[in-house]
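Model, not experiment: these values are computed from the prediction.
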Amino acid sequence: MSDTSACIVHSDLPAEASAAQTAASAPFETCPFDAADLAKHGIDASKCVWTEITPKNLRGLLLSHVSQNVPATQSFVPTIHNTEASLAQQLLGEDEGPTSRVHLRVGLGVYTFEYEGSRMHLLHQRRGPIVGTSCGPAAWDNVVLLCEGEGAKEATNALLNALISDEEKTKGSEFTIFRWNVKYGYWGRVARKTARSLDSVVLPPETKDKLVRDLDQFLTPATYKFYVEHGIPYKRSFLFYGEPGAGKTSLIQALAGKYRRNLCIMQPTSDPKFTDDALADAIKDAPPRSIIVLEDVDALFDKQRRASTKLSITFSGLLNALDGIANPDGQLFILTTNFRDNLDAALIRNGRVDLHVEFTHASPDQVRALFRQFYPAAPEGKDAEFEAAVAKLLGERRVNMAGLQHFFVAHRTSSPDEAIAGVQAILDDLNEKQGDKAQAEEEGKKAEGGKGGGKDAKGKGKKGKGKAGRGGGRKAAGGGGTVNVYINTPSGAPAGSGDGSGDEDEDEDEDEDEE
C-alpha cells in the first residue's frame with residue numbers, strides 16, 4: 001500500500017491563544033483546522049493530538065469506519081458498492097429481496113466516537129474555492145482525526161493500522177484483487193472474490209504438485225532463516241508459460257485462495273505514467289501477503305530488449321524492480337507469458353525466476369478429469385468414452401482447457417450421453433476461431449502485397465528520367481502499407497479484467513473526483 005503515515009502534531013498552546021493564532025493567520029498554513037470552530041462543538045484542541053489524513057485510500061476507510069460507528073449522523077455522501085455477492089445470493093434463492101447498491105458515508109461535519117477507550121473526533125471540512133479539475137469542478141476537502149487523553153498518539157496509530165490491516169487481510173476462502181493507481185501512487189482495491197480450490201483447477205498432477213511443494217517449502221520459518229543466514233533476498237518468483245487458455249489465470253486465483261494471499265495485478269503498458277520509479281514503488285508498497293502478478297510479460301520487451309509498445313519503463317528498470325533491495329520479505333511474483341522464447345534470458349535467469357511452470361494443451365488425463373468435474377454422477381467409464389470421442393474427432397489437432405470448459409458450459413443442461421454425442425461442437429469452435437485467424441493473416445498478406453506493389457511501381461518510376469521518375473516512385477510507394485496482425489483468442493478473461501474490472505473500489509473513484 002502507499003505510505004499511510006500522517007503528520008501528527010501536538011499543540012501546547014492554551015485554547016484561547018490557539019484560537020487567536022489560527023483566527024489571525026487564516027487561511028491556515030500551520031494548522032489544518034480552526035480551533036475556535038471546534039470549540040463550538042465542545043472540543044478543546046489544546047488537549048488533543050491531531051492527524052491530518054492525506055492518503056486517499058486511508059481517508060475513505062476512516063470515513064467508512066465512522067459511518068458505521070456514529071449512529072447520530074445528519075450529513076452523508078452516497079457511494080456505490082459492488083453488488084456481486086448480493087446478486088449471487090438472489091440467484092441461489094438465499095435473498096430474494098432488493099439489494100442496496102447505494103451506501104451512505106459521512107459527509108461534511110464533526111463526529112465524535114470511541115475507539116478502545118479513547119475519545120476521538122473526526123473533522124471533515126471543505127476548504128478553499130471551487131476549482132476546475134480533470135474530473136470537473138471540485139473543492140478541496142480535508143479530513144482531520146483528533147484524539148483526547150494520554151496515549152492519544154498510540155491510539156490514533158492503532159486505529160489507522162487496524163483499518164489498513166482489515167482492508168488487506170483475506171477472509172476465509174476469499175481473496176482481494178488490487179490494482180496499482182499510477183496517478184495517485186497507491187494500490188486500490190478492485191474486488192473481493194471467492195477463491196476456487198486447487199482441486200477445481202484441472203492440470204497435470206506433476207504441474208500442481210511441483211508448484212505446491214515449492215511454495216510449501218518456501219513459506220516456512222526454516223527457509224526464511226536459511227535465506228537470511230546466506231544473505232539471499234527472501235522472495236520467490238515463478239514463470240507461467242505456454243498455451244493460452246491452459247489454466248494460468250485459474251491456477252493463480254487458486255493459489256491466492258490456498259495461501260490466503262492478495263492478488264496485485266500490474267499492467268505497465270496501460271498508462272504512459274507507469275515509469276521505472278512507479279514500478280519500483282508499486283512492488284515496494286504492495287500489501288502484505290500478496291502475489292504480485294505481471295501478466296503477458298512478453299508484451300513489454302522482445303529478446304533484443306526493445307519495447308514492444310510505447311512504454312515509459314526501461315528494461316533495466318524492470319529488472320531493478322524485480323530485484324529491488326527495498327522490496328519486503330516474503331513476496332511472491334508470478335510472470336505469465338504465452339511465448340517464453342520471446343523473453344530476454346536476463347529476465348528469466350536463475351535468481352530472478354526460480355521456477356518455470358509450463359502449460360500445454362489438454363492432455364487425455366485432463367480431458368477425462370474435466371468431464372468428471374462437470375458430470376460427477378456419470379456412470380463409470382463415461383469419462384474415458386468422452387475422451388476417446390474427442391481424440392477421434394480431433395485427430396492430430398489439440399484443444400486447450402478453455403475450449404473444453406466452453407463446451408461444458410454450453411452443454412450444462414445436457415446429460416453425459418448427450419455431451420458425448422455433441423463433441424462435434426468442439427471441432428466447430430476450433431474451426432471458427434482458426435477461420436478468424438486465417439482471415440486476419442490473409443488480410444495481413446494482402447497488405448504486404450500492397451507494399452510490394454508500391455516497390456514495383458517505384459522501380460518503374462526510376463526508369464524514367466529526372467524528377468518525373470522520382471516523383472512517380474514516391475507516389476506508388478505511398479500507396480502501399482504494412483499491417484502487423486496478432487490474433488489471440490482466449491476463451492476466458494484474466495482475473496481482474498472481466499467482472500472485476502467494473503467492480504472498482506468506490507473510494508478510489510470518489511477520491512479521483514475529489515482530486
May I ask you to say whether Asp365 pairs ionically with Arg368, meaning some side-chain N is under 4.0 Å from a carboxylate O?
yes

What distance separates Leu145 CG from Phe113 CZ, expressed to the nearest 0.5 Å?
5.5 Å

Are Glu418 and His411 packed together at the side-chain level, in the sense that at least one heavy-atom pair is separated by less than 4.5 angstrom?
no

Residues Lys248 and Asn338: side-chain donor-acceptor under 3.5 angstrom:
yes

Okay, side chain of Asn69, backbone of His65: is any donor-acceptor separation there less than 3.5 Å?
yes

Taking the ring centre of each residue, are Phe374 and Phe407 less than 6.0 Å apart?
no

If I take atom CG from residue Leu343 and atom CZ from residue Arg305, how far apart are they, to the nearest 0.5 angstrom?
12.0 Å

Would Phe178 and Tyr186 satisfy ring pair (Phe, Tyr, Trp, His ring centres under 6.0 Å), going step by step from the backbone distance to the final call?
CA-CA 10 Å; Phe178 289 91; Tyr186 70 92; 9.9 Å; no

Could you check, using the six-membered ring where one of them is a Trp, whether Phe240 and Phe359 have ring centers closer than 6.0 angstrom?
yes

Applying salt bridge (charged side-chain N to carboxylate O under 4.0 Å, His left out), can you list everything that pairs with Asp329, at least two apart in sequence or on another chain?
none

I'd like to check Val70 versus Val106 (side-chain heavy atoms, cut-off strictly below 4.5 Å). Are they in contact?
no

Using ring centroids (six-membered ring only for Trp), state whether Phe218 and Phe226 fall under 6.0 Å.
no

Thr336 side chain to Asp296 backbone, donor-acceptor under 3.5 Å
yes

Going by the salt bridge (charged side-chain N to carboxylate O under 4.0 Å, His left out) test, name the single residue among Lys235, Arg349, Arg236 that passes it with Asp354.
Arg236

How long is the straight-line distance from CG of Asp281 back to CZ of Phe274, given to the nearest 0.5 Å?
9.5 Å

May I ask you to check whether Arg196 and Ser250 show a side-chain donor-acceptor distance below 3.5 Å?
yes

Can you tell if the side chain of Leu255 reaches within under 4.5 Å of the side chain of Arg261, non-hydrogen atoms only?
no

Pairing of Lys303 and Asp341 as salt bridge, 4.0 angstrom limit:
no

How far apart are the closest heavy atoms of Pro416 and Ala378, and which atoms are they?
CG-CB, 3.9 Å

For Asp199 and Gln373 the tightest heavy-atom approach is O-NE2, 3.0 Å

side-chain hydrogen bond (donor to acceptor under 3.5 Å, both in side chains) between Asp216 and Tyr259, intermediate numbers included
CA-CA 9 Å; Asp216 286 344; Tyr259 294 99; 2.8 Å; yes

Is the number of heavy atoms from other residues, nucleotides or ligands within 6.0 Å of CZ (Phe76) greater than 12?
yes

Nearest heavy-atom contact between Ile313 and Asp276 is CA-OD1, 3.1 Å

Could you check whether any side-chain heavy atom of Asp383 comes within less than 4.5 Å of a side-chain heavy atom of Arg372, counting everything from C-beta outward?
yes

Atom CZ of Arg352 and atom CG of Leu318: how far apart are they, to the nearest 0.5 Å?
8.5 Å

Presence of salt bridge, Asp214 and Lys210, under 4.0 angstrom:
no

Between atom CG of Asp141 and atom CD1 of Ile53, what is the distance when rounded to the nearest 0.5 Å?
14.0 Å

Stepwise side chain to side chain contact (heavy atoms under 4.5 Å, CB included) test for Leu263 and Thr176:
CA-CA 6 Å; Leu263 277 188; Thr176 304; over 6 Å; no

Any chance the side chains of Thr220 and Thr223 put a donor and an acceptor closer than 3.5 Å?
yes

Looking only at atom types and distance, does a side-chain atom of Gln366 sit under 3.5 Å from a main-chain N or O of Val202, one as donor and one as acceptor?
yes

Between the main-chain N or O of Ala152 and the side-chain N or O of Thr156, is there a donor-acceptor pair closer than 3.5 Å?
yes

Taking the side chain as every heavy atom from C-beta outward, state whether Leu335 and Phe238 have any atom pair closer than 4.5 Å.
no

SB check Asp302 Arg306 (cutoff 4.0 Å):
yes

Just to verify, what does Ser316 make a side-chain hydrogen bond (donor to acceptor under 3.5 Å, both in side chains) with, not counting sequence neighbours?
Thr314

Nearest heavy-atom contact between Arg397 and Leu430 is NH2-CB, 3.7 Å

Find out whether Leu198 and Leu251 are in side-chain contact, i.e. whether some heavy atom of one side chain is under 4.5 Å from a heavy atom of the other.
yes

Any sub-3.5 Å donor-acceptor pair from Asn181's side-chain atoms to Tyr184's backbone N or O?
yes

Side chains of Leu370 and Phe408: does their closest heavy-atom pair fall under 4.5 Å?
yes

Would you say the side chain of Leu63 lies within less than 4.5 Å of the side chain of His124, judging by non-hydrogen atoms?
yes

Looking only at heavy atoms, what is the nearest atom pair of Pro244 and Asn400, with distance?
O-ND2, 3.0 Å

Looking at Lys382, is its backbone amide N or carbonyl O close enough to the side chain of Glu385 to form a donor-acceptor pair, meaning the two atoms are under 3.5 Å apart?
no

I would like to know whether Leu347 and Leu300 meet side chain to side chain contact (heavy atoms under 4.5 Å, CB included); could you show each step before the answer?
CA-CA 11 Å; Leu347 179 62; Leu300 301 178; over 6 Å; no

Assess the residue pair Met266 and Val293 against the criterion (side chain to side chain contact (heavy atoms under 4.5 Å, CB included)); give the C-alpha distance rounded to whole Å, side-chain angles, the decisive distance to 0.1 Å, and a yes or no.
CA-CA 6 Å; Met266 288 197 301; Val293 181; over 6 Å; no

Looking only at heavy atoms, the pair that brings Pro287 and Ser290 closest together is O-OG, 2.6 Å

Test side chain to side chain contact (heavy atoms under 4.5 Å, CB included) on Ile291 and Gln331; report intermediate values, then the result.
CA-CA 7 Å; Ile291 298 175; Gln331 283 185 329; over 6 Å; no

When rounded to the nearest 0.5 angstrom, what is the spacing between CZ in Phe371 and CG in Leu404?
12.0 Å

Is there a donor in the side chain of Asn262 and an acceptor in the side chain of Arg189, or the other way round, less than 3.5 Å apart?
no

